[in-house]
Amino acid sequence: MPSLNVSFTDEELKGVRAAAAAEGKSLKQYLHDLGVREMQRQQFVTGAAGWADRLRGEFDAAFPDEVPPSERDGAAAA
């Protein structure tokens with residue numbers, strides 16, 4: 001596995017070390033887990049956005065007063 005060097009200011013490193021300690025993890029493990037969590041967050045957001053897009057038409061039909069004025073029949077917002 002390739003090695004990776006990451007630079008932090010003294011103040012940033014102090015904060016990262018404190019966050020790692022608060023979770024009871026080594027700095028290396030904390031940074032690893034942080035990257036994994038970010039990948040999972042991005043996957044979740046992508047999935048949630050796709051789910052919302054698929055249901056948007058059904059929601060708009062069921063709740064026509066909830067559709068923002070700027071999106072009603074292509075009309076511009078007042």
Side-chain angles (χ1 to χ4, degrees):
M1 180 181 292
S3 178
L4 177 67
N5 291 321
V6 180
S7 298
F8 294 98
T9 65
D10 290 342
E11 192 63 28
E12 290 169 338
L13 187 55
K14 182 179 176 184
V16 173
R17 285 186 189 279
E23 290 192 21
K25 296 179 179 178
S26 69
L27 186 57
K28 183 177 180 179
Q29 185 64 51
Y30 178 79
L31 292 173
H32 169 270
D33 292 353
L34 189 63
V36 170
R37 282 194 307 260
E38 178 58 17
M39 284 183 357
Q40 292 170 337
R41 185 194 69 78
Q42 288 175 352
Q43 290 171 345
F44 173 82
V45 169
T46 298
W51 177 79
D53 288 343
R54 286 190 301 277
L55 294 178
R56 187 173 330 271
E58 181 180 336
F59 180 88
D60 289 349
F63 304 100
D65 294 337
E66 296 297 323
V67 178
S70 63
E71 296 180 15
R72 289 186 196 141
D73 302 319

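Position 1 is the first residue of the sequence; numbering continues from there. These values consider heavy atoms only, across backbone and side chains, with no hydrogens, waters or symmetry-generated copies.
Applying the side-chain hydrogen bond (donor to acceptor under 3.5 Å, both in side chains) rule to pairs touching residues 44-54 yields Asp53-Arg56, sequence neighbours excluded.
Shown here is Gln42, whose CD atom has more than 12 heavy atoms of other residues, nucleotides or ligands within 6.0 Å. Around atom CD of Glu11, no more than 12 heavy atoms belonging to other residues, nucleotides or ligands sit under 6.0 Å away.
Phe59 belongs to a hydrophobic cluster whose remaining members, ordered by chain and number, are Phe63; membership requires side-chain heavy atoms of ILVMFWY residues under 4.5 Å apart, directly or through intermediates.
Here the CG-CG distance, from Asp60 to Leu55, works out to 10.5 Å after rounding to the nearest 0.5 Å. Remark: Asp10 CG to Lys14 NZ distance equals 10.0 Å, nearest 0.5 Å. Atom-to-atom distance recorded for Arg17:CZ and Glu12:CD is 13.0 Å, nearest 0.5 angstrom.
Residues Ala20 and Ser26 approach most closely at CB-O, 4.1 Å, considering heavy atoms.
Connection of Tyr30 to Val6 is established within a shared hydrophobic cluster, with ILVMFWY side chains joined at heavy-atom distances below 4.5 Å, either directly or through further cluster members. Residue Met39 is not grouped with residue Leu4 when hydrophobic side chains (ILVMFWY) are merged at heavy-atom distances under 4.5 angstrom, including chains of intermediate members.
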Set out, in order, the CA-CA distance, both residues' side-chain angles and the distance that settles side-chain contact (heavy atoms from CB on, under 4.5 Å) for Val45 and Arg41, then state yes or no. CA-CA 6 Å; Val45 169; Arg41 185 194 69 78; 3.8 Å; yes
